[in-house]
> 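Following this message is one structure expressed as structure tokens.
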Amino acid sequence: MQSAFSKKVRAIVGAIPKGETLSYGEIARRAGSAGAARAVGRVMAANFDPAIPCHRVVRADGAPGDYNRGGAERKRAILRAEQT
DNA sequence: ATAATGACGTGAT
DNA sequence: AATCACGCCATTA
């Protein structure tokens, strides 16, 4: 069972409209903890959920994060998420 | 419980 | 514009 923060993050990221991108800082803010951008990434990395389109999650500059750190496996998860 | 780490953010150099 | 440093919060060891 994960902390409430991770659950919020999962819900928020999973609620990102298709084509939209949300920054870690924004997510953290919606999660109830502004400035916890790092924590958000930490939650995903540690407890990543296949239903969470992390590729829609970007940095404050709009630059893509290290979401593909997993490699092909991660890419497959992204494709699956985009299929829906 | 404490220390260290990290898929970040902003400011300073 | 690029790089360095510090701060923020949550998770892991």
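Chain letters run A, B, ... following the sequence lines, proteins first and then strands; every chain starts at 1. Predicted model, so just to flag it, every value in this text is computed and none were measured.
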> Would you mind listing the cluster partners of A/V57? Hydrophobic ones only (ILVMFWY), side-chain contacts under 4.5 Å, chaining allowed.
A/F5, A/V9, A/I12, A/V13, A/I16, A/L22, A/Y24, A/I27, A/V40, A/V43, A/M44, A/I52

> Indicate the atoms forming the closest heavy-atom contact of A/R59 with A/S23, along with that distance.
O-CB, 3.6 Å

> Which two nucleotides bound the region of DNA chain C that has atoms under 4.0 Å from heavy atoms of chain A, read 5' to 3'?
C/dG7 to C/dT12

> Would you name the heavy atoms of A/A36 and A/A28 that are closest together and state the gap between them?
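So the two residues come closest at C-CB, 3.5 Å.
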
> Determine the minimum heavy-atom distance between A/G14 and A/P53, stating which atoms define it.
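Here A/G14 and A/P53 meet closest at CA-CD, 4.0 Å.
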
> What are the two closest non-hydrogen atoms of A/Y67 and A/P64, and how far apart are they?
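Scanning both residues, the minimum pair turns out to be CE2-CB, 3.7 Å.
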
> Per the salt bridge (charged side-chain N to carboxylate O under 4.0 Å, His left out) rule, what does the pair list look like for residues 4-23 of chain A, sequence neighbours excluded?
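Applying salt bridge (charged side-chain N to carboxylate O under 4.0 Å, His left out) to every pair that reaches into residues 4-23 of chain A, excluding sequence neighbours, yields A/R10-A/D49.
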
> Got a sec, which pairs hit salt bridge (charged side-chain N to carboxylate O under 4.0 Å, His left out) with one end in residues 22-48 of chain A, sequence neighbours left out?
none

> Which parts of residues 20-44 of chain A get close to DNA chain C, meaning a heavy atom less than 4.0 angstrom away?
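Hits under 4.0 Å, by residue number: A/S33, A/A34, A/G35, A/A36, A/R38, A/A39, A/R42, A/V43.
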
> Shorter than 3.5 Å, N or O on both sides, protein versus nucleotides 10-13 of chain B: list them out with atom names.
none

